[in-house]
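Inspection log for the structure reproduced underneath, given as C-alpha cells.
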Amino acid sequence: MRFTVSAHDDTRKLVVLAVDDEPRGLDELVHCLRNSPHVAKVFPAIDASEALRLLSTDDPRLRERKDRGLPIVDAVFADIDMPGLSGMEMSRVFAALRPSPCLVFVTGHAEEAVNAFDLGALDYVLKPYQQDRLDRAISRVMDKLAAAAAPPPGAVAGEPVKTNDEVIPVELAGTTKLIPRSSVRWVEAQGDYARLFTTEGSHLVRIPLAQLEERWEKAGFVRIHRSFLVALPLITELRMGQGGYQVVIGNEEKVLPVSRRHTRALKDRLVGSGRNG
C-alpha cells in the first residue's frame with residue numbers, strides 16, 4: 001500500500017512516546033514509528049509509570065520543547081491494557097497537560113475503540129502492527145498539529161482554533177469504520193444506543209443520545225426532541241404540522257418532530273444562526 005501525506009507542512013518532524021508493557025510489542029511499535037520519515041525521535045516506555053517518569057524528567061531534549069511552548073512530546077502511542085496504571089488512566093494525565101500531546105491507542109481488541117474515543121484519542125491502531133496503518137495515524141497527528149498551528153483564513157485573532165473533525169468508531173461485520181462527525185445529519189435515540197444518519201446510510205453506536213448532545217453542542221448540533229439530535233445548519237425549514245412543530249432536514253425533505261419542550265430553544269438557535277450568517 002502506498003502512503004501519501006495529507007497536504008500540510010511536514011517540515012517539522014514529530015517527537016513521539018511509545019508505551020507497551022510487552023517488550024516484543026514495544027520493539028515492534030518503536031520500529032514502525034522510527035520507519036516513518038515524519039518521526040524524528042521515539043521515546044520507548046515499558047509501562048505507564050515509566051512513561052510518566054520520562055515526561056517529568058529534565059531531559060534537555062524535552063525541556064527545550066517545553067520552553068518553546070510545544071507539547072513535551074507531539075504524540076503518545078499507548079497500549080490500552082497494561083498492568084498497574086492502564087493506558088486509559090494514563091490518558092487522563094496527558095489530557096491535563098497544557099499543551100497536551102495527541103493520543104493514539106494501540107490495542108488487540110477492536111471493541112475498546114469506543115472507550116478510546118470517549119477519552120479523546122485521535123486514533124487507535126489494532127495489533128499486530130502494520131506499517132501503513134501506523135503511517136495513517138501519524139498523518140492524522142500531523143494534520144491536527146498543522147490545524148492548531150495555522151488558523152484558517154478569516155479567523156479572528158484570539159479565537160480558539162478548530163481541530164480536526166471528531167470521528168466515531170462504528171462496528172460493521174467485524175470491521176471498525178470511522179465516521180466523521182461532519183457527515184452526520186441527525187441522530188436518533190434507540191435505548192442506550194444512538195443511530196447516526198449520514199449521507200451514506202445509518203450506523204448504530206453504543207453511545208447515549210444525551211452524551212452526544214453534550215459533546216456536540218459546540219459543533220452545531222441541537223436537541224429537538226427526546227429522540228432526536230440534529231445538525232443545526234442542515235435545518236432548512238421549521239413548520240407547524242398536525243402534531244406540532246416539525247423540521248425539514250436538507251434537500252431530502254426528511255421531516256422530524258420537534259417537542260414542545262425544545263421548540264423555544266430551537267427557534268432561538270435558528271434565529272441566532274441566521275443573524276450570524
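Nothing here was measured: the structure is a model prediction, and the numbers come from that model.
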Looking at [X] and [Y], what are the two nearest heavy atoms and their distance?
X: Asp74; Y: Val141; value: O-CG1, 4.4 Å
X: Ala18; Y: Val30; value: CB-CG2, 4.0 Å
X: Glu50; Y: Pro44; value: OE2-O, 3.9 Å

Give, for atom [atom1] of [X] and atom [atom2] of [Y], the distance between the pair rounded to the nearest 0.5 Å.
X: Ser36; Y: Leu134; atom1: OG; atom2: CG; result: 9.0 Å
X: Lys13; Y: Lys41; atom1: NZ; atom2: NZ; result: 13.5 Å
X: Arg195; Y: Leu204; atom1: CZ; atom2: CG; result: 4.5 Å
X: Leu229; Y: Glu188; atom1: CG; atom2: CD; result: 11.5 Å
X: Ile207; Y: Asp192; atom1: CD1; atom2: CG; result: 12.0 Å
X: Trp186; Y: Thr198; atom1: CH2; atom2: OG1; result: 9.0 Å

With a 4.5 Å limit on heavy-atom distance, are the side chains of [X] and [Y] in contact?
X: Ile235; Y: Val248; result: no
X: Val16; Y: Ile138; result: no
X: Lys254; Y: Phe197; result: no
X: Leu29; Y: Val125; result: no
X: Leu209; Y: Ser227; result: no
X: His262; Y: Val222; result: no

Discussion item. Please enumerate all residues that pass ring pair (Phe, Tyr, Trp, His ring centres under 6.0 Å) together with Phe228, with sequence neighbours excluded.
Written reply: His225
Worksheet entry | Counterpart residues, ring pair (Phe, Tyr, Trp, His ring centres under 6.0 Å), relative to Tyr129 (two or more places apart) | none
Practice prompt. Consider only side-chain N and O atoms of Asn35 and His31, and report whether a donor and an acceptor are under 3.5 Å apart.
Written response: yes
Worksheet entry | Backbone of Ser139 reached by a side-chain donor or acceptor of Arg136 within 3.5 Å | no
Worksheet item: With no hydrogens and no angle check, is any side-chain donor or acceptor of Gln246 less than 3.5 Å from a backbone partner on Arg239?
Response: no
Discussion item. Are more than 12 heavy atoms, taken from residues, nucleotides or ligands other than Gln190, located less than 6.0 Å from that residue's CD atom?
Written reply: yes
Discussion item. Salt bridge check, Asp123 against Lys144: does any charged N sit closer than 4.0 Å to a carboxylate O?
Written reply: no
Item to complete: Would you mind checking if Lys127 and Asp79 are paired as a salt bridge, meaning a charged N to carboxylate O distance below 4.0 Å?
Response: yes
Worksheet item: What's the verdict on side-chain contact (heavy atoms from CB on, under 4.5 Å) for Gln211 and Glu214, showing C-alpha distance, side-chain angles and the deciding distance?
Response: CA-CA 5 Å; Gln211 184 176 337; Glu214 182 179 350; 5.8 Å; no
Worksheet item: Val247 pairs by side-chain contact (heavy atoms from CB on, under 4.5 Å) with which of Leu234, Leu266, Leu270, Thr236?
Response: Leu266
Item to complete: Check each of Val258, Ile224, Thr263 against Leu238 using the side-chain contact (heavy atoms from CB on, under 4.5 Å) test, and report the only one that passes.
Response: Val258
Discussion item. Assess the residue pair Phe77 and Asp20 against the criterion (side-chain contact (heavy atoms from CB on, under 4.5 Å)); give the C-alpha distance rounded to whole Å, side-chain angles, the decisive distance to 0.1 Å, and a yes or no.
Written reply: CA-CA 9 Å; Phe77 285 72; Asp20 194 331; over 6 Å; no
Item to complete: Classify the angle between the aromatic ring planes of Trp216 and Phe221 as parallel (below 30°), tilted (30 to 60°) or perpendicular (above 60°).
Response: tilted
